[in-house]
Amino acid sequence: MTWHLETDRLQLRPMSLADLDPLAPILGDPVTMRFYPRPFDRETVGGWIDRTVQRYERDGFGLLAVVEKATGEVIGDCGPTLQETGHGSFVELGWHIRGDRQGLGFATEAGAACRDQAWQMLDVDRLISIVRPENVPSWSVARALGFRPWRGDVRVGMAHILWTIERR
(Lines give C-alpha, C1' and ligand atoms only; values in the text may rest on other atoms or scores of the structure.)
Protein backbone atom coordinates (compact mmCIF):
# COMPACT_ATOMS: atom_id res chain seq x y z
CA MET A 1 0.00 0.00 0.00
CA THR A 2 1.45 3.36 -0.97
CA TRP A 3 -0.15 6.75 -0.86
CA HIS A 4 -1.38 8.96 -3.67
CA LEU A 5 -2.33 12.40 -2.35
CA GLU A 6 -3.50 15.61 -3.94
CA THR A 7 -3.65 19.19 -2.70
CA ASP A 8 -4.66 22.40 -4.44
CA ARG A 9 -1.25 22.79 -6.08
CA LEU A 10 0.44 19.41 -5.70
CA GLN A 11 0.24 15.73 -6.47
CA LEU A 12 2.14 13.42 -4.17
CA ARG A 13 2.82 9.97 -5.55
CA PRO A 14 5.16 7.05 -4.98
CA MET A 15 8.59 7.70 -6.40
CA SER A 16 10.45 5.39 -8.75
CA LEU A 17 13.79 5.30 -10.52
CA ALA A 18 12.10 7.33 -13.28
CA ASP A 19 12.36 10.24 -10.80
CA LEU A 20 16.16 10.11 -10.72
CA ASP A 21 16.60 12.91 -13.28
CA PRO A 22 14.42 15.47 -11.46
CA LEU A 23 15.50 14.45 -7.93
CA ALA A 24 19.27 14.32 -8.58
CA PRO A 25 19.67 18.12 -8.96
CA ILE A 26 17.47 18.73 -5.89
CA LEU A 27 19.26 16.31 -3.56
CA GLY A 28 22.58 17.20 -5.17
CA ASP A 29 22.16 20.96 -4.69
CA PRO A 30 24.70 22.28 -2.13
CA VAL A 31 22.28 24.97 -0.90
CA THR A 32 19.25 22.66 -0.56
CA MET A 33 21.40 20.00 1.13
CA ARG A 34 23.49 22.34 3.31
CA PHE A 35 22.12 20.74 6.48
CA TYR A 36 23.29 17.26 5.45
CA PRO A 37 26.90 16.07 5.66
CA ARG A 38 27.15 16.63 1.89
CA PRO A 39 24.95 16.91 -1.19
CA PHE A 40 24.05 13.60 -2.81
CA ASP A 41 25.71 12.50 -6.02
CA ARG A 42 23.59 10.79 -8.68
CA GLU A 43 24.43 7.30 -7.41
CA THR A 44 23.41 8.26 -3.86
CA VAL A 45 20.11 9.67 -5.14
CA GLY A 46 19.48 6.35 -6.92
CA GLY A 47 20.09 4.57 -3.62
CA TRP A 48 17.74 7.03 -1.87
CA ILE A 49 15.00 6.12 -4.35
CA ASP A 50 15.74 2.37 -4.06
CA ARG A 51 15.46 2.56 -0.25
CA THR A 52 12.23 4.49 -0.57
CA VAL A 53 10.74 1.81 -2.85
CA GLN A 54 11.87 -0.85 -0.35
CA ARG A 55 10.09 1.11 2.40
CA TYR A 56 6.86 1.02 0.39
CA GLU A 57 7.15 -2.78 0.25
CA ARG A 58 8.28 -3.22 3.87
CA ASP A 59 6.33 -0.50 5.71
CA GLY A 60 3.51 0.38 3.32
CA PHE A 61 4.63 4.02 3.19
CA GLY A 62 7.63 6.23 2.50
CA LEU A 63 8.68 9.50 0.92
CA LEU A 64 6.55 10.59 -2.02
CA ALA A 65 7.53 12.51 -5.13
CA VAL A 66 6.10 16.04 -4.95
CA VAL A 67 4.74 17.12 -8.34
CA GLU A 68 3.69 20.71 -8.98
CA LYS A 69 0.36 20.49 -10.84
CA ALA A 70 0.86 23.74 -12.77
CA THR A 71 4.06 22.48 -14.44
CA GLY A 72 3.93 18.68 -14.04
CA GLU A 73 7.48 18.86 -12.64
CA VAL A 74 8.82 16.89 -9.69
CA ILE A 75 9.89 19.63 -7.26
CA GLY A 76 10.90 17.50 -4.30
CA ASP A 77 9.90 14.75 -1.92
CA CYS A 78 7.85 14.60 1.24
CA GLY A 79 6.40 11.91 3.44
CA PRO A 80 6.76 9.58 6.37
CA THR A 81 9.61 7.16 7.03
CA LEU A 82 10.48 4.96 9.98
CA GLN A 83 13.56 6.39 11.70
CA GLU A 84 15.74 5.15 14.53
CA THR A 85 16.75 7.90 16.94
CA GLY A 86 18.60 7.98 20.24
CA HIS A 87 15.14 8.01 21.84
CA GLY A 88 13.55 5.08 19.99
CA SER A 89 11.89 4.36 16.66
CA PHE A 90 9.43 6.87 15.28
CA VAL A 91 7.65 7.78 12.08
CA GLU A 92 9.34 10.90 10.77
CA LEU A 93 7.76 13.38 8.39
CA GLY A 94 10.44 14.84 6.12
CA TRP A 95 10.63 17.06 3.04
CA HIS A 96 12.97 18.46 0.40
CA ILE A 97 11.84 21.10 -2.09
CA ARG A 98 13.78 22.36 -5.13
CA GLY A 99 15.57 25.63 -4.39
CA ASP A 100 13.62 27.78 -6.83
CA ARG A 101 10.31 26.54 -5.35
CA GLN A 102 11.27 27.06 -1.67
CA GLY A 103 9.53 29.77 0.31
CA LEU A 104 6.28 29.36 -1.61
CA GLY A 105 4.50 27.08 0.88
CA PHE A 106 5.01 23.84 -1.04
CA ALA A 107 6.74 22.00 1.83
CA THR A 108 3.99 23.02 4.24
CA GLU A 109 1.25 22.05 1.77
CA ALA A 110 2.82 18.65 1.06
CA GLY A 111 3.64 18.13 4.74
CA ALA A 112 0.06 18.86 5.83
CA ALA A 113 -1.30 16.31 3.36
CA CYS A 114 1.20 13.68 4.53
CA ARG A 115 0.62 14.49 8.22
CA ASP A 116 -3.15 14.13 7.81
CA GLN A 117 -2.79 10.87 5.86
CA ALA A 118 -0.42 9.51 8.50
CA TRP A 119 -3.01 10.11 11.23
CA GLN A 120 -5.62 8.30 9.11
CA MET A 121 -3.50 5.35 7.99
CA LEU A 122 -0.84 4.71 10.64
CA ASP A 123 -1.28 3.37 14.14
CA VAL A 124 1.01 5.92 15.81
CA ASP A 125 0.39 8.52 18.49
CA ARG A 126 3.38 10.71 17.60
CA LEU A 127 5.11 11.92 14.45
CA ILE A 128 8.55 13.50 14.51
CA SER A 129 10.59 15.64 12.19
CA ILE A 130 14.38 15.52 12.46
CA VAL A 131 15.81 19.00 11.91
CA ARG A 132 19.30 20.47 12.31
CA PRO A 133 19.36 23.35 14.86
CA GLU A 134 20.46 25.85 12.20
CA ASN A 135 17.81 24.79 9.65
CA VAL A 136 15.43 27.68 10.31
CA PRO A 137 13.41 27.15 7.10
CA SER A 138 12.48 23.62 8.22
CA TRP A 139 11.67 24.94 11.70
CA SER A 140 9.11 27.20 10.03
CA VAL A 141 7.56 24.29 8.14
CA ALA A 142 7.50 22.11 11.26
CA ARG A 143 5.83 24.87 13.29
CA ALA A 144 3.27 25.52 10.55
CA LEU A 145 2.41 21.80 10.64
CA GLY A 146 1.89 21.89 14.42
CA PHE A 147 5.20 20.32 15.48
CA ARG A 148 7.14 21.63 18.48
CA PRO A 149 10.76 21.08 19.55
CA TRP A 150 10.96 17.98 21.73
CA ARG A 151 14.41 16.45 22.21
CA GLY A 152 17.97 16.70 21.01
CA ASP A 153 19.59 13.87 19.07
CA VAL A 154 22.88 13.18 17.34
CA ARG A 155 22.81 11.71 13.85
CA VAL A 156 25.84 11.10 11.63
CA GLY A 157 27.89 13.00 14.21
CA MET A 158 25.74 16.15 13.94
CA ALA A 159 23.31 17.71 16.42
CA HIS A 160 19.63 17.54 15.49
CA ILE A 161 16.38 18.54 17.13
CA LEU A 162 13.51 16.09 17.13
CA TRP A 163 10.32 18.04 16.57
CA THR A 164 7.09 16.28 17.57
CA ILE A 165 3.37 16.38 17.08
CA GLU A 166 1.01 14.10 18.95
CA ARG A 167 -2.29 12.67 17.86
CA ARG A 168 -5.18 14.63 19.35
Side-chain angles (χ1 to χ4, degrees), residues 2-3 5 10 12 14-15 19 23-24 26-41 44-56 58-66 75-99 101-103 105-168:
T2 52
W3 302 353
L5 306 174
L10 302 171
L12 292 91
M15 67 174 76
D19 296 312
L23 286 175
I26 298 167
L27 299 175
D29 177 46
V31 175
T32 299
M33 298 300 284
R34 67 191 177 278
F35 303 110
Y36 279 70
R38 70 191 60 78
F40 294 176
D41 61 23
T44 303
V45 175
W48 179 269
I49 294 169
D50 283 340
R51 286 189 303 281
T52 297
V53 171
Q54 290 170 14
R55 285 181 167 125
Y56 299 153
R58 183 188 69 216
D59 304 327
F61 59 90
L63 290 167
L64 301 170
V66 176
I75 62 166
D77 64 18
C78 182
T81 57
L82 288 175
Q83 294 289 333
E84 292 294 326
T85 74
H87 306 283
S89 297
F90 299 98
V91 175
E92 183 208 15
L93 185 59
W95 50 83
H96 301 94
I97 298 294
R98 194 173 71 202
R101 307 312 287 148
Q102 292 177 9
F106 289 117
T108 302
E109 188 173 328
C114 290
R115 176 204 58 207
D116 295 349
Q117 184 76 355
W119 291 140
Q120 289 180 11
M121 302 298 293
L122 304 179
D123 185 24
V124 296
D125 293 323
R126 172 190 309 277
L127 298 173
I128 66 166
S129 189
I130 302 169
V131 181
R132 293 280 308 278
E134 60 273 29
N135 188 347
V136 176
S138 281
W139 291 10
S140 297
V141 173
R143 278 196 177 105
L145 295 174
F147 286 77
R148 62 179 172 73
W150 181 44
R151 294 183 170 175
D153 201 27
V154 176
R155 302 174 61 79
V156 293
M158 300 183 321
H160 287 76
I161 298 170
L162 303 182
W163 289 67
T164 186
I165 186 172
E166 296 176 4
R167 186 184 294 270
R168 294 181 191 147

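Position 1 is the first residue of the sequence; numbering continues from there.
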## Note on the structure
In this structure, CD of E92 is separated from CG of L162 (nearest 0.5 Å) by 8.5 Å

## Note on the structure
Nearest heavy-atom approach of L64 to P14 is CD2-N, 3.8 Å

### Message
So I75 and L10, do their side chains get closer than 4.5 Å, heavy atoms only?
### Response
yes

### Query
Can you check whether L93 reaches W163 side chain to side chain, under 4.5 Å on heavy atoms?
no

## Note on the structure
For C78 and L12, the nearest pair of non-hydrogen atoms, with its separation, is CB-CD2, 4.3 Å

### Message
Do R55 and L82 make a side-chain contact, defined as non-hydrogen atoms from C-beta onward lying under 4.5 Å apart?
### Response
no

#### Entry: Over all atoms of both residues, closest heavy-atom pair of P39 and P30
CG-CA, 3.7 Å

### Query
If we only count heavy atoms from C-beta on, is the V66 to F106 side-chain gap below 4.5 Å?
no

### Query
What distance separates Q102 CD from D29 CG, expressed to the nearest 0.5 Å?
8.0 Å

### Query
Regarding H96 and D77, is there a side-chain donor-to-acceptor distance under 3.5 Å anywhere?
yes

### Message
Return the CH2 to CZ distance between W150 and R126, rounded to the nearest 0.5 Å.
### Response
4.0 Å

### Message
Within the supplied structure, the quantity of interest is the number of heavy atoms (other residues, nucleotides, ligands) at a distance under 6.0 Å from R148 CZ; does it exceed 12?
### Response
yes

### Query
Do you know which two heavy atoms are closest between A159 and P133, and how far apart they sit?
O-CD, 3.1 Å

### Message
I'd like to check the salt bridge (Lys or Arg N to Asp or Glu O under 4.0 Å) partners of R132; sequence neighbours left out, ordered by chain and number.
### Response
E134

### Query
Rounded to the nearest 0.5 Å, how far apart are OG of S138 and CD1 of I130?
11.5 Å

### Query
Between the side chain of H160 and the main-chain N/O of R151, is any donor-acceptor distance below 3.5 Å?
no

#### Entry: Any donor-acceptor N/O pair, Y56 side chain to L63 backbone, under 3.5 Å
yes

#### Entry: L145 side chain near T108 side chain, heavy-atom distance below 4.5 Å
yes

### Query
Who are the salt bridge (Lys or Arg N to Asp or Glu O under 4.0 Å) partners of D125, not counting sequence neighbours?
R167

#### Entry: Chi angles and distances behind the side-chain contact (heavy atoms from CB on, under 4.5 Å) call for M121, F61
CA-CA 10 Å; M121 302 298 293; F61 59 90; over 6 Å; no

### Residues forming a ring pair (Phe, Tyr, Trp, His ring centres under 6.0 Å) with W95, sequence neighbours excluded
none

### Query
Are any of the side-chain heavy atoms of L127 and F147 separated by less than 4.5 Å?
yes

### Query
To the nearest 0.5 Å, how far apart are CD1 in I97 and OG1 in T32?
9.5 Å

### Task
Check whether any side-chain heavy atom of R155 lies under 4.5 Å from a side-chain heavy atom of T85, and answer yes or no.
yes

### Query
CG of L27 to CG of D41: how many Å apart, nearest 0.5 Å?
11.0 Å

### Query
Below 4.5 Å, heavy atoms only, C-beta onward: do V124 and F90 meet side chain to side chain?
no

### Query
Do R143 side-chain atoms and S140 backbone N/O form a donor-acceptor pair below 3.5 Å?
no

## Note on the structure
In short, M33 meets I26 closest at the heavy-atom pair CG-O, 4.0 Å

### Message
Checking D19 against W48 for the side-chain contact (heavy atoms from CB on, under 4.5 Å) test, could you report, in this order, the C-alpha distance in whole Å, the side-chain angles of both residues, the deciding distance, and whether it holds?
### Response
CA-CA 11 Å; D19 296 312; W48 179 269; over 6 Å; no

